[in-house]
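So you know, we letter chains A, B, ... as the sequences are listed, proteins then strands, and number each from 1.
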Number of protein chains: 2
Amino acid sequence: MYVTVTGDQDQPAPLASISSKITRSPTAHLKAGAHLYFEGDSVKWLYQIKTGVLRLTRMMEDGRRQVIAFGYPGDIVGFPSDGLHHTDCDVLEDVCLQPYRRSMLESGHGDPQLHYDLLQAALREISAMQDHFMMLGRKSAVEKVASFLCVLTHRVGKEVGGYTQVVLPMSRGDIADFLGLTTETVSRTLTQLRKSRIIAIENIHTVIIRRPQALSSLSLGDRT
Amino acid sequence: MYVTVTGDQDQPAPLASISSKITRSPTAHLKAGAHLYFEGDSVKWLYQIKTGVLRLTRMMEDGRRQVIAFGYPGDIVGFPSDGLHHTDCDVLEDVCLQPYRRSMLESGHGDPQLHYDLLQAALREISAMQDHFMMLGRKSAVEKVASFLCVLTHRVGKEVGGYTQVVLPMSRGDIADFLGLTTETVSRTLTQLRKSRIIAIENIHTVIIRRPQALSSLSLGDRT
DNA sequence: CGGGACATTGAGGAGAATCAAACAGGGTGG
DNA sequence: CCACCCTGTTTGATTCTCCTCAATGTCCCG
């Protein structure tokens, strides 16, 4: 998932469940901290996330890291390029995964509908990544963090006592590496949002959205 | 094309020509300055670039712009998401395009091989975009500009008197919006590379790579 | 020759990074 | 059960990269 806002909030939700006949393999379960695959591994399966959260990362030789995406329920991860994975993927929060053979993506012979659905997922991925470019290249720290919270609100926010609660299973460092910032800047920005009463920080991994409208404005760059 | 370097320089060149039987439409020609499509347009065709250069952009309400990619010969542009274009696309340098019906991507009925090739192109696109994330999120101005020149060198560099010549059909502003910088920073960085004798600026749209090795080092963040 | 668009250069400032220190909080072992 | 430690987070002070604003320069075209 590419946590970004670019105007139209409610892009169609990712397919809740991909259609299929009996081409389905049994679901897989993995604990937080487990690795699903590494950069360079050859791709045998794609995975649709049923529950839990994944993290996709790339590294530079000198250790700089970029979190490419967080994978949330509905998302599909593992698209191959030249048959290989180009990110590392590991588990942030215990996941249940529906695996699909790579061949289901690459040829329609097995199950045309599944083939089509996987292809559409790949195309949506491209579009989502384009949004994320704007975030990385053109948004300020506050805008980035606000965008991030905004999208999480829409995707995994839970109503609690009139407010929306968002759980952040990833570390501040993960968020930083996703947004192109440092841990310190993410932390400071969250504090700043808290002090301006736009959010409340229930605990390190739980945020309450107190003024969603203000948050959304910030994410788009309103100076007001 | 996502002009980035992440270690392995010579990723497989984009398919020089996509296989096909008679499903081919006649090629289209467009002059510099022409628009191929706009964000929100419904996708009827994909295009493979035969010659010339395209620019893909997205805009924010307040006018901030992100150049998503430059399209060079071999590249395919126009991948739909929910049937729509999510970027503007216009012509930087007169192009000759091979159009393919969107249906060729979305179903294999017409021409399975073409369908497969278009799908692979989409998957390569995803991988290339992931590289570009690292560039936007984690690289310094010098690293970005060096990376940009490096990749252009490999893709469209011409040998001239022992050195490699690279033509930049886009403006400094385009480069800036692609790399997440300002025009001024791009200009200053080019001057800096020129003064350190890594490049020479033949004219505004033509650069000579004098020390490719040094350029490559810079692009990866060597401080030396 | 003059105008306009684009590029370069400079001075100054803002925002985020860096460096460093205090602060949770959760898990372990005594 | 509590003290301790380890890791991750917050906060502060300072630095530095890149942006902003402004002026000048260059090239192309009528």
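- Between B:H132 and A:F133, the angle of the ring planes goes over 60°, which puts this pair in the perpendicular group of the 30/60° scheme.
- Between A:E202 atom CD and C:dA24 atom P there is a gap of 18 Å when expressed in whole angstrom units.
- Distance B:H205 NE2 to C:dA7 C1': 10 Å, rounded to the nearest Å.
- Going from atom CD1 of B:I208 over to atom CD1 of B:I198 covers 15.0 Å, rounded to the nearest 0.5 Å.
- The ring pair (Phe, Tyr, Trp, His ring centres under 6.0 Å) check on B:H29 picks up nothing, with sequence neighbours excluded.
- Straight-line distance from the CD atom of A:Q192 to the C1' atom of D:dT9: 17 Å, rounded to whole Å.
- A distance of 11.0 Å separates CG of B:L218 from CD of B:Q213, quoted to the nearest 0.5 Å.
- Contacts of B:L181 with the nucleic acid, taken as non-hydrogen atoms under 4.0 Å apart, involve only primed sugar atoms and P, OP1 or OP2.
- Taking the C1' atoms of five terminal pairs at each end of the helix from C:dC1-D:dG30 to C:dG30-D:dC1, the two resulting helix axes are inclined by 30°, rounded to 10°.
- In this structure, the nucleotide among D:dT9, D:dC18, C:dT18 sitting nearest to the side chain of A:I204 is D:dT9.
- A donor-acceptor contact shorter than 3.5 Å links the side chain of B:R172 to the backbone of B:I204.
- One atom, CZ of A:R172, and another, C1' of C:dG25, lie 13 Å apart when rounded to the nearest Å.
- In this structure the side chain of A:R102 never reaches within 4.5 angstrom of the side chain of A:K44, judged on heavy atoms.
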Polar atoms only, N or O, under 3.5 Å: list the protein pairs with nucleotides 11-15 of chain D and their distances.
unit_1, atom_1, unit_2, atom_2, d
D:dT11, OP2, A:T191, OG1, 2.6
D:dG12, N7, A:R188, NH1, 2.8
D:dG12, O6, A:R188, NH2, 3.1

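- Across the protein-nucleic acid pair, B:D177 atom CG and D:dC19 atom C1' stand 14 Å apart, rounded to whole Å.
- Proximity of A:T182 to the phosphate of C:dA17: a side-chain N or O atom is located under 4.0 Å from OP1 or OP2.
- No salt bridge links B:R124 with B:D75; every basic N to acidic carboxylate O contact stays at or beyond 4.0 Å.
- Comparing A:V186 and A:R138 along DNA chain D, the residue whose closest nucleotide (by nearest heavy atom) sits nearer the 5' end is A:V186.
- We find that CG of B:L179 is positioned 18 Å from P of D:dT17, with the value rounded to whole Å.
- In this structure, the NZ atom of B:K144 is 8 Å from the P atom of D:dC18, given to the nearest Å.
- Side-chain contact check for A:K139 and A:S147: at least one donor-acceptor pair (N or O, by modelled atom type) lies under 3.5 Å.
- Atom-to-atom, CD1 of A:I175 to P of D:dT9 comes out at 8 Å; the value is rounded to the nearest Å.
- A:T164 and A:E159 share a donor-acceptor pair across their side chains, judged by distance under 3.5 Å alone.
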